[in-house]
Amino acid sequence: MMKAQRKHHLLRNLGIALGSVVLLVTVWWQICLQPLRKLSVPQHDVPTLFIPGYLGNWISLGPMVHRLNHYDIAKEAMVVHIAKDNHITIKQEHAFKDNPNILVLFQDNTDVAKQAYQLGLLNEKLYRDYHVRQINLVGHSAGGNIVLRYLITKHSRPVPQPLKFVNFADDYSRREDAETARLPHNLKVLTVAGEIWHTGTDGEIPLKAALAFSKVLKPHVAAVKTVVFHGGPLRTYHSCLHQNPAVDCVIARFLYDNGN
C-alpha cells in the first residue's frame, strides 16, 4: 500500500513538473512571437527564394517561411523540390503577390556547386514559365555559399535580376571572398550572425568570419548591412537563428521595406 502511494505521488509530481515546463516554454515562445505580431511591412510582388544549408530540409527554413505566412508578413507562394537528376517539382500555394516566398529543397543537399547549378535551372524556369523578372535570395549557412556561387555565375539563358541577398550563420572561403567582385553591383546584402554569450561564435561559425565577409562585400555591391544577435544559445546558436522570430523580423524588414 505504501509503495503504491509513493508511486502515485511520484507520478503526480512528475506530471506537475512536466506540465510546468510545457507551460513555461509555451509562454516563452508566445513572448518571442510578439515582434512578428506587431510587424507591418509594404507588400510587393518580387519573390524571395529561401535556400537551406548543408543537409538542409523543410525544418531548416520551412518554419521561418511558415511564420511569415501565418502573420501575414509574406505569403508562401511555392515549395520547390529539385531532384538529383535536376528534375524540378513545383507546388504553387499562392500567386506572386503580397511578398511571395519560395522554399527551395534539394534532394542532393550536400553539394554546393551542384545546388548552385540547380538554383540556376530553377531561376531559368521561373523566368521562362512564370514570368519572374526580379528576385531576392535568403541563404542559411551553406545556403549562403550556394547563393553566392549562383550570383557570381554567368548564365547563358535569361534569369531574374537579383535585388537583395540575405546570408546568415555563414562563412566564406578566401576564394569566395575574391570572387565577390563578380557580384551584381546593384545588389543589396544583409549579413546576420549570432554570438553565444560573447564567445565570438554561434557555436559553429566564428563571428569574425561574418563581419569579414561584410567588409569584403562593401566595394562591390550597392549596400551592405550587418546585424549580430547576442545572447543565449536558444536565440543565437547556429541552427537556432532560423527559428528565432527576432531574426525573422530583421530579415523581413530588409526584404520588404522600401527603405532597405
Side-chain angles (χ1 to χ4, degrees), residues 42-53 56 61 65 68 74-109 111-140 142-167 170 172 175-176 178-190 217 219-224 251-252 254-258 260:
Q43 301 294 301
H44 304 283
D45 59 2
V46 176
T48 299
L49 281 65
F50 286 74
I51 313 299
L61 293 178
V65 172
L68 295 175
K75 293 298 181 183
E76 185 173 356
M78 282 182 174
V79 179
V80 177
H81 293 266
I82 305 181
K84 290 183 178 180
D85 64 0
N86 300 331
H87 179 73
I88 298 173
T89 302
I90 294 177
K91 181 181 179 182
Q92 185 151 9
E93 306 279 358
H94 193 271
F96 286 139
K97 60 180 182 178
D98 305 323
N99 299 335
N101 289 335
I102 300 173
L103 180 62
V104 183
L105 302 173
F106 301 91
Q107 184 180 15
D108 192 349
N109 55 8
D111 189 333
V112 169
K114 182 177 181 179
Q115 289 170 277
Y117 170 74
Q118 292 178 329
L119 181 57
L121 296 179
L122 171 60
N123 280 319
E124 289 175 7
K125 185 175 182 66
L126 291 175
Y127 187 98
R128 180 183 66 246
D129 298 344
Y130 294 88
H131 311 292
V132 174
R133 295 297 180 262
Q134 297 176 320
I135 56 169
N136 301 317
L137 299 120
V138 176
H140 172 262
N145 303 88
I146 295 166
V147 173
L148 178 64
R149 184 163 296 200
Y150 163 76
L151 289 173
I152 62 176
T153 300
K154 289 185 177 181
H155 303 281
S156 58
R157 297 176 181 175
V159 293
Q161 175 191 11
L163 301 180
K164 296 180 180 181
F165 169 32
V166 178
N167 70 102
D170 200 359
Y172 298 86
R175 178 181 176 182
E176 288 172 319
E179 291 175 328
T180 55
R182 293 158 54 190
L183 286 169
H185 297 317
N186 66 333
L187 189 69
K188 295 182 179 180
V189 181
L190 170 66
L217 282 174
H220 308 299
V221 296
V224 179
I251 291 176
F254 175 77
L255 290 173
Y256 312 129
D257 196 321
N258 295 327
N260 291 313

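Quick caveat: nothing in here was measured; it's all calculated off a predicted structure.
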Colleague: How many angstroms lie between CG in Leu49 and CG in Leu126, if you round to the nearest 0.5 Å?
Modeller: 6.0 Å
Colleague: Do Phe96 and Ile102 touch side chain to side chain, with heavy atoms closer than 4.5 Å?
Modeller: yes
Colleague: Between the side chain of Asn99 and the main-chain N/O of Asp45, is any donor-acceptor distance below 3.5 Å?
Modeller: no
Colleague: Checking Leu183 against Val189 for the side-chain contact (heavy atoms from CB on, under 4.5 Å) test, could you report, in this order, the C-alpha distance in whole Å, the side-chain angles of both residues, the deciding distance, and whether it holds?
Modeller: CA-CA 11 Å; Leu183 286 169; Val189 181; 5.6 Å; no
Colleague: Taking atom NZ of Lys91 and atom NE2 of His81, what is their separation to the nearest 0.5 Å?
Modeller: 8.0 Å
Colleague: Check whether the side chains of Asn101 and Glu76 place a donor and an acceptor atom closer than 3.5 Å, and report yes or no.
Modeller: no
Colleague: Tell me, please, whether Phe254 has Lys164 positioned over its six-membered ring: NZ or CZ under 6.0 Å from the ring centre and within 45 degrees of its axis?
Modeller: yes
Colleague: Check the pair Tyr150 / His155 against ring-ring contact (aromatic ring centres under 6.0 Å, His included), numbers first and verdict last.
Modeller: CA-CA 9 Å; Tyr150 163 76; His155 303 281; 4.7 Å; yes
Colleague: Should we say atom CZ of Arg133 is surrounded by more than 12 heavy atoms from elsewhere, each under 6.0 Å from it?
Modeller: yes
Colleague: If you look at every heavy atom in Ile251 and Leu190, which pair is closest and at what distance?
Modeller: CA-CD2, 4.2 Å
Colleague: Does any part of the side chain of Tyr172, heavy atoms only, come nearer than 4.5 Å to the side chain of Asn167, both counted from C-beta?
Modeller: yes
Colleague: Identify the heavy atoms of Leu148 and Phe165 that sit nearest to each other, and give their distance.
Modeller: N-CZ, 4.4 Å
Colleague: Any donor and acceptor pair, going by atom type alone, linking the side chain of Glu124 with main-chain N or O of Ser156 inside 3.5 Å?
Modeller: no
Colleague: Ignoring hydrogens and geometry, is there a side-chain-to-backbone donor-acceptor pair from Asp170 to Asn145 under 3.5 Å?
Modeller: yes
Colleague: Output yes when a side-chain donor or acceptor of Asn109 lies under 3.5 Å from a complementary backbone atom of Gly56, and no otherwise.
Modeller: yes
Colleague: Heavy-atom count check: over 12 atoms from other residues, nucleotides or ligands less than 6.0 Å from Tyr130 OH?
Modeller: yes
Colleague: What distance do Lys188 atom NZ and Leu163 atom CG have between them, rounded to the nearest 0.5 Å?
Modeller: 9.0 Å
Colleague: Testing the basics here: between Leu103 and Val65, what is the closest heavy-atom pair and its distance to 0.1 Å?
Modeller: CD1-CG2, 4.4 Å
Colleague: Where do Asn186 and Pro162 come nearest, in terms of heavy atoms and distance?
Modeller: OD1-O, 4.2 Å
Colleague: Without swapping roles, check the side chain of His94 against the backbone of Met78 for a donor-acceptor pair under 3.5 Å.
Modeller: no
Colleague: Measuring from atom CG of Leu122 to atom CD1 of Ile90, what distance do you get when rounded to the nearest 0.5 angstrom?
Modeller: 6.0 Å
Colleague: Can you measure from OG1 (Thr48) to CD1 (Ile135) and round to the nearest 0.5 angstrom?
Modeller: 9.0 Å
Colleague: Is there a side-chain contact between Asp85 and Gln107, using heavy atoms and a 4.5 Å cut-off?
Modeller: no
Colleague: Between atom CG of Asn86 and atom CZ of Phe106, what is the distance when rounded to the nearest 0.5 Å?
Modeller: 10.5 Å
Colleague: Main chain of Lys84, side chain of Lys114: is a donor-acceptor contact present, judged purely on distance under 3.5 Å?
Modeller: yes
Colleague: Heavy-atom distance under 4.5 Å between the side chains of Gln115 and Ile51, does that happen here?
Modeller: no
Colleague: Are any non-hydrogen side-chain atoms of Asn136 and Val166 less than 4.5 angstrom apart?
Modeller: no
Colleague: Using every non-hydrogen atom in the two residues, find where Tyr256 and His44 come nearest and quote the distance to one decimal.
Modeller: O-NE2, 2.9 Å
Colleague: Which pair of non-hydrogen atoms, one from Val104 and one from Pro52, has the smallest distance, and what is that distance?
Modeller: O-CD, 3.1 Å
Colleague: Heavy atoms, side chains only, cut-off 4.5 Å: are Ile82 and Leu119 in contact?
Modeller: no
